[in-house]
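Notes to accompany the following structure.
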Amino acid sequence: MSTEKPIVDEKDLECVAKFEVRFTGYLDKDGSAVRRLPEIADLPDALIALYRSMVLTRTFDQKAIALQRTGNLGTYASSLGQEAVFAALGAVMRPEDVLVPYYREYGTQLMRGVTMTELFLYWGGDERGMDYAGPRQDFPICVPIATQVPHAAGVALAMKYRGEPRVAVTVFGDGATSKGEFYEAANAAGVWNLPLVLLVNNNQWAISVPRSEQSACQTLAQKAIAAGISGEQVDGNDAIAMFDRLSAAVDKARNGGGPSLVEAITYRLSDHTTADDASRYRRDEEIKTHWDYEPIKRLRQYMIAKQYWDSQQDEALQQTCRREVEEAAQAYLNTAPQKPESMFDYLYETLPETLRSQRDELATTEQQSRA
Amino acid sequence: MSTEKPIVDEKDLECVAKFEVRFTGYLDKDGSAVRRLPEIADLPDALIALYRSMVLTRTFDQKAIALQRTGNLGTYASSLGQEAVFAALGAVMRPEDVLVPYYREYGTQLMRGVTMTELFLYWGGDERGMDYAGPRQDFPICVPIATQVPHAAGVALAMKYRGEPRVAVTVFGDGATSKGEFYEAANAAGVWNLPLVLLVNNNQWAISVPRSEQSACQTLAQKAIAAGISGEQVDGNDAIAMFDRLSAAVDKARNGGGPSLVEAITYRLSDHTTADDASRYRRDEEIKTHWDYEPIKRLRQYMIAKQYWDSQQDEALQQTCRREVEEAAQAYLNTAPQKPESMFDYLYETLPETLRSQRDELATTEQQSRA
Amino acid sequence: MPELNLVEAVNAALAFEMAADENVVVLGEDVGVNGGVFRATVGLQERFGEQRVLDTPLAEALIAGLSVGMASQGLRPVAEIQFMGFIYPTVDQMLNHASRLRNRTRGRLTCPMVLRAPYGGGIHAPEHHSESYESMFAHIPGLRVVIPSSPARAYGLLLAAIRDPDPVVFLEPKRIYRLMKQEVEDNGASLPLDTCYTLREGTDVTLVSWGAMLHETQQAADQLEAEGVGAEVIDVACLKPIDTRTILDSVAKTGRCVIVHEAARTSGLGAEIAAQIAEHGLMNLYAPVQRVTGYDTVMPLYRLEGYYLPGVERIVTAVRQVMEFS
Amino acid sequence: MPELNLVEAVNAALAFEMAADENVVVLGEDVGVNGGVFRATVGLQERFGEQRVLDTPLAEALIAGLSVGMASQGLRPVAEIQFMGFIYPTVDQMLNHASRLRNRTRGRLTCPMVLRAPYGGGIHAPEHHSESYESMFAHIPGLRVVIPSSPARAYGLLLAAIRDPDPVVFLEPKRIYRLMKQEVEDNGASLPLDTCYTLREGTDVTLVSWGAMLHETQQAADQLEAEGVGAEVIDVACLKPIDTRTILDSVAKTGRCVIVHEAARTSGLGAEIAAQIAEHGLMNLYAPVQRVTGYDTVMPLYRLEGYYLPGVERIVTAVRQVMEFS
Ligand SMILES: Cc1ncc(C[n+]2csc(CCOP(=O)(O)OP(=O)(O)O)c2C)c(N)n1
Ligand SMILES: Cc1ncc(C[n+]2csc(CCOP(=O)(O)OP(=O)(O)O)c2C)c(N)n1
Ligand SMILES: [Mg+2]
Ligand SMILES: [Mg+2]
């Protein structure tokens with residue numbers, strides 16, 4: 001039944017709805033607190049876990065780019081500069097939650113048990129890189145922009161349908177907020193009060209298109225208003241702020257409070273992908289400015305000032321990360337290729353009779369060409 | 001270049017954006033003013049033009065339904081109860097503007113020179129009903145919900161490209177605000193500051209789905225916030241309010257002020273279409289309540305109170321409208337059918353050679369079946 | 001056994017499977033209290049509740065995308081698109097996601113969803129309500145495309161579609177929703193999804209069709225029989241993957257084939273069938289394979305739709321041509 | 001005469017027509033300062049300004065829908081979809097609107113737009129970047145579908161597409177964007193849109209293909225020539241409406257036909273061509289029409305894409321089969 005009020009016959013109905021968009025940030029660029037800090041800021045273990053994820057991701061990134069440059073990996077999308085967003089997300093999600101990512105959330109994925117070898121396999125052109133041994137229900141990387149957002153809503157709908165205290169989280173970029181599916185899914189999540197978190201990784205560029213040409217709205221957080229759900233902005237390069245706000249959003253969803261949109265303001269310090277050359281469209285000074293705000297340094301300086309961390313530990317961590325990454329790269333490079341016929345083997349549960357001849361033909365051609 | 005501020009290191013950035021949605025209505029349900037009226041309220045000719053359009057539309061509607069019931073027209077979508085929205089729009093648009101409608105804006109279309117015969121032809125299953133002799137650049141009725149919204153943005157882009165002081169106006173329902181294209185086009189209109197008015201005919205139902213199940217947002221006007229454009233609510237059953245707010249939106253667009261969204265709150269007093277039976281999903285009392293607020297009576301009572309109008313004039317107008325509608329219906333019923341081959345004649349500018357045999361086959365079959 | 005028409009059979013299959021499996025969830029526009037604009041879902045919300053029969057916001061890409069997400073969690077969403085004319089926003093989801101989820105994840109995640117839509121012309125519907133674009137979906141690897149042509153097949157095939165572990169596009173020929181009643185035992189028995197159905201045996205010519213056009217095709221076969229021509233009539237029913245064996249075997253027997261469909265000719269599924277015959281059955285042919293189809297033009301508004309849709313006469317004429325070919 | 005590769009020829013055609021007709025407006029994602037991810041629009045924004053080369057928000061349905069609106073006002077939008085993998089959200093606009101605007105309004109409004117997109121596999125691109133779905137568009141009445149296979153044809157056909165008064169889907173085989181250079185006179189001369197191009201004459205077998213696959217097809221023809229088999233090679237180029245006359249005439253001469261395309265076999269455009277031969281050229285055939293195509297499976301990630309794409313060997317094998325058939 002309609003909830004609209006009947007056509008008014010009173011005076012003074014001028015303002016019928018009011019909204020505000022809030023921003024949260026705790027650390028300045030040097031890692032000093034600018035306001036009262038949330039609980040996590042005093043939990044060294046939690047901070048170190050975030051920090052570790054960020055360092056590991058960055059190390060992984062560097063290796064991936066090196067592999068790509070040497071012809072051992074396909075096009076690769078780096079997460080350089082955005083590590084805090086993904087580390088925080090990994091930290092606040094529970095194993096039974098479901099991540100529906102786009103393609104930069106290595107930090108989150110690794111914390112959830114996706115292996116670096118799997119990630120290398122994916123970008124190395126091998127479907128097995130989407131068969132995560134760890135988080136079996138997480139969606140794989142999604143390339144067609146924003147198409148995963150309705151999946152996340154569907155996952156959340158299934159969770160709600162079954163009355164499970166689980167949460168679906170989907171991540172996408174600033175560019176993705178221009179796609180219809182994003183709005184459609186956010187709107188539906190609002191209608192059904194779904195346990196869903198929509199995390200916008202606003203790294204301020206969509207390939208060569210700056211945030212200002214993507215939308216006239218002052219914030220991306222305010223897109224939530226169109227869906228009747230809550231939306232907020234967070235300093236995406238402040239791991240403490242990200243943890244704080246994402247855990248609030250995830251908790252709220254888990255406790256029946258419904259969906260929220262979190263806009264993480266961060267910056268893509270790298271090219272869009274290894275196939276891109278950002279110098280065609282982006283000024284060097286802009287990048288330089290943003291290096292001052294990069295998240296790893298900020299959290300490290302905070303932790304060091306608090307004496308939660310020191311340079312020796314840091315060196316050790318860097319080394320461990322390098323070793324882990326190297327091992328994963330080796331495992332990737334040593335992975336035996338899939339059989340060509342495998343392209344038929346996961347198409348349907350059972351290969352339809354009519355496709356058998358095509359599979360056979362492929363297997364024969366292949367034997368011929370190997371022979 | 002990015003317009004995002006660099007990551008903040010100041011305090012107190014809590015609230016970064018504020019929004020309000022305003023509502024405008026002037027007349028109460030009995031046609032008495034509840035606040036200071038705008039200029040048009042004292043212009044009898046303008047009011048009579050609005051009123052005339054509303055009465056004509058309602059008369060047309062009744063005839064269309066009668067034709068449908070007697071097997072002389074296909075499925076038909078009535079505009080019952082929403083006449084003020086469309087009359088006001090017709091009144092504020094200029095001939096050189098472009099209307100990109102959905103399927104209920106008969107009032108607007110008639111004021112722009114679409115003939116009732118053309119409208120009958122369209123719903124009577126004849127493409128010639130979209131070949132408007134009057135407004136040559138207006139789009140035809142659009143059935144796939146919200147797909148016309150990007151067209152209107154494209155039309156507005158062309159106008160802006162050529163520096164013309166023209167405006168594109170598109171209309172759609174509350175249901176349409178759930179479709180991706182609506183958001184995509186509104187967002188683009190914001191980015192490019194297009195001369196575009198997005199008019200939501202919020203008649204509170206999308207077939208059987210009430211407004212409350214379409215979106216969790218308190219108003220549909222606030223969907224504009226997601227696009228960074230202005231949005232407002234208007235009493236859609238108050239022709240004076242609609243005229244006032246739509247002329248503001250159209251003027252603004254014409255003067256380079258960019259796009260706006262206007263949510264007209266009205267009510268679908270009829271079934272969704274003649275193929276629908278609203279009693280399956282809607283309570284009679286709800287409809288009854290809304291009859292108290294229907295727009296024709298309200299404007300008439302206002303005009304009579306102001307002595308701009310009397311019952312004799314009213315009777316004369318009703319008669320004229322009935323006569324015009326009857327004439328149009330006759331002209332429709334007397335229209336000779338199109339040749340079947342015509343289905344090939346507007347497919348491409350020139351019929352491709354390869355389709356000639358299909359056209360010939362059709363022409364032959366047809367001769368055979370006529371013979 | 002109840003006598004059901006096609007849309008009632010759809011409803012019965014939905015109800016049966018919802019009662020049997022609580023993972024089955026129906027969603028779409030107006031599928032709830034309204035029971036769908038064709039009443040395919042009538043009574044389901046009342047019986048199974050609002051959690052299991054969801055009226056969605058008006059957004060088709062969403063409906064498909066939601067279903068993918070739900071299916072990945074082990075639900076069996078049965079989504080309704082109100083008319084095929086509004087199905088195109090789902091193509092992205094069906095092509096890039098639903099059809100690939102199993103393959104992309106090497107079987108880790110699957111997508112047991114059904115996307116139902118009424119399709120086809122002939123009911124004097126408004127613009128954009130009468131098209132037949134089944135071949136678009138039949139081109140997409142990893143999908144199944146199923147079209148019933150009778151109440152019994154609607155019941156059995158829809159049950160199979162819902163139970164199938166992979167995504168199925170289930171297109172319902174709305175012109176015959178209420179054309180005829182048939183005894184349909186509501187016992188939950190499904191029909192196989194990997195076979196054509198031979199509706200009538202004959203030795204002179206093979207008529208291949210699906211959906212509503214089978215009715216004209218059968219009438220043509222009746223008429224031809226009176227003329228002494230024995231037509232074998234095949235209901236393709238499962239258009240993707242398509243069981244060409246049955247068709248090729250029939251053509252091997254008859255040596256002649258006429259394919260009948262409503263969709264536009266160029267790149268319609270008839271092309272695929274004709275191509276397979278040209279590839280595998282060429283030497284059995286006494287005459288060229290004919291296609292009797294919709295024209296390569298936009299589906300006209302309803303005044304002319306009767307001229308667009310292949311009628312009995314066009315089918316009979318085509319058969320006469322292949323019979324007389326030499 | 002400048003030597004241009006295919007993507008440079010696309011750029012030259014765009015630049016020529018933008019200079020000649022100020023109604024031509026280029027739009028798409030990253031087409032502005034970045035010049036497109038393949039550099040097809042490089043330099044255009046600098047030369048013609050931001051009003052004429054528009055970076056759009058990231059929304060493909062929007063890009064198509066905007067173009068329809070612009071075209072209705074007499075502009076000639078040339079929209080780029082960054083990869084065919086992201087073109088599916090435009091299907092609704094292309095099918096329900098672009099292809100019908102003229103027909104719906106009995107010629108009052110028209111839609112002279114071009115939708116460009118790189119397509120096809122073979123460049124080790126990421127997931128969803130390598131598909132070939134041309135037959136989906138070729139099924140839609142009212143559209144033109146054009147695919148160039150050389151720099152010269154890219155130049156001439158794109159000019160024709162922009163000048164055409166109706167909507168054209170212009171698909172660019174990105175695997176051969178930079179494969180070879182050709183002398184292309186930048187004189188604004190367009191090529192006809194209603195004909196196939198015969199690239200090589202031969203009397204033994206007709207090879208029909210389009211886009212990047214023509215290169216393997218030509219290599220196969222070379223190899224076959226060495227074996228004493230004279231192959232006629234036809235570049236379909238204009239897939240919709242398709243000029244079957246040229247193909248049928250060739251098959252009438254050779255009696256044998258092999259169709260080669262990258263897209264999945266079932267309901268690919270090869271099916272339509274084979275069906276037309278089965279319908280109109282049956283009695284000229286010495287052997288079944290063969291199709292050498294992508295498999296009916298999801299385009300694999302790049303490690304296996306070489307096994308998916310038809311290679312020279314598969315083409316040669318198929319030709320040998322039709323030559324040996326008896
Ligand atoms: C639907 C779709 N359109 C276009 C592309 C090509 N593309 C890949 S990434 C990208 C930009 C995405 O920007 P954003 O959403 O901000 O994410 P970011 O890469 O900046 O993290 C584009 C246009 C795509 N992958 N999907
Ligand atoms: C894309 C699309 N989906 C579904 C439909 C079927 N349909 C026709 S009207 C309608 C409801 C539209 O509601 P609303 O936008 O509120 O407009 P109203 O009819 O109430 O004026 C639906 C679902 C359609 N025409 N187009
Ligand atoms: Mg971005
Ligand atoms: Mg409505």
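In this text, all values refer to a predicted model and were calculated from it rather than measured experimentally. Sequence lines set the chain letters: A, B, ... in the order given, protein chains first and strands last, and positions in each chain run from 1.
Proximity to chain C (any heavy atom under 4.5 Å) is shown, for A:A152, by neither the backbone nor the side chain. At a 4.5 Å heavy-atom cutoff, the contact between C:I242 and chain A is made by backbone atoms alone. Using a 4.5 Å cut-off between heavy atoms, C:L109 touches chain A through its side chain atoms alone. Within the 4.5 angstrom heavy-atom criterion, no atom of A:V100 approaches chain C. Using a 4.5 Å cut-off between heavy atoms, A:L157 touches chain C through its side chain atoms alone. Of the atoms belonging to A:L194, not a single heavy atom falls under 4.5 Å from chain C. Both the backbone and the side chain of C:N103 come within contact range of chain A, with heavy atoms under 4.5 Å apart. Using a 4.5 Å cut-off between heavy atoms, A:Q137 touches chain C through backbone and side chain atoms alike. For a residue to count as touching a neighbouring chain, one of its non-hydrogen atoms must lie under 4.5 Å from one of that chain's; by this rule C:D164 does not touch chain A. Using a 4.5 Å cut-off between heavy atoms, C:V33 does not touch chain A at all.
When only modelled atom types and interatomic distance are considered, C:Q93 and A:H151 share a side-chain donor-acceptor pair under 3.5 Å.
Side-chain atoms of A:Y348 never come within 3.5 Å of backbone atoms of C:P167 as a donor-acceptor pair (strictly under, hydrogens ignored). The backbone N or O of A:M130 lies less than 3.5 Å from no partner atom in the side chain of C:R104, so there is not a single donor-acceptor pair. Although no hydrogens or angles enter the test, the distance criterion places a donor-acceptor pair under 3.5 Å between the side chain of A:E184 and the main chain of C:L62. With hydrogens and angles ignored, the 3.5 Å screen pairs no side-chain donor or acceptor of C:R245 with any backbone N or O of A:T354. A:D131 places no side-chain N or O within donor-acceptor distance of the main-chain N or O of C:G107, the cut-off being under 3.5 Å. Although no hydrogens or angles enter the test, the distance criterion places no donor-acceptor pair under 3.5 Å between the side chain of C:R106 and the main chain of A:R128.
Contact tally against chain C (heavy-atom pairs below 4.5 Å) for A:P352, A:P140, A:C142: the top residue is A:P140. Among C:A71, C:A64, C:S72, the residue making the largest number of heavy-atom pairs under 4.5 Å with chain A is C:S72. When A:L347, A:L355, A:T350 are compared by the number of non-hydrogen pairs under 4.5 Å with chain C, A:L347 comes out ahead.
Under the 4.5 Å side-chain criterion, counting only non-hydrogen atoms from C-beta, C:D92 is in contact with A:T147. No side-chain heavy atom of A:P150 sits less than 4.5 Å from a side-chain heavy atom of C:V68. A:F139 has its side chain within reach of C:L101: a pair of non-hydrogen atoms, C-beta onward, lies under 4.5 Å apart. For the pair A:E349/C:T110, no side-chain contact is recorded, criterion being any heavy-atom separation below 4.5 Å from C-beta on.
No more than 12 heavy atoms of other residues, nucleotides or ligands sit less than 6.0 Å from atom CD of C:E50. Heavy atoms of other residues, nucleotides or ligands lying less than 6.0 angstrom from CD of A:E164 number more than 12. Around atom CD of A:E96, more than 12 heavy atoms belonging to other residues, nucleotides or ligands sit under 6.0 Å away.
One distance of note links CZ of C:R108 with CZ of A:R136; it measures 6.0 Å at 0.5 Å rounding.
Summarising the geometry of C:M70 relative to A:G154, their closest heavy-atom pair is CG-O, 3.4 Å, with the distance given to 0.1 Å. Counting all heavy atoms, side chain and backbone alike, A:W192 lies closest to C:L66 at CZ3-CD1, 3.5 Å.
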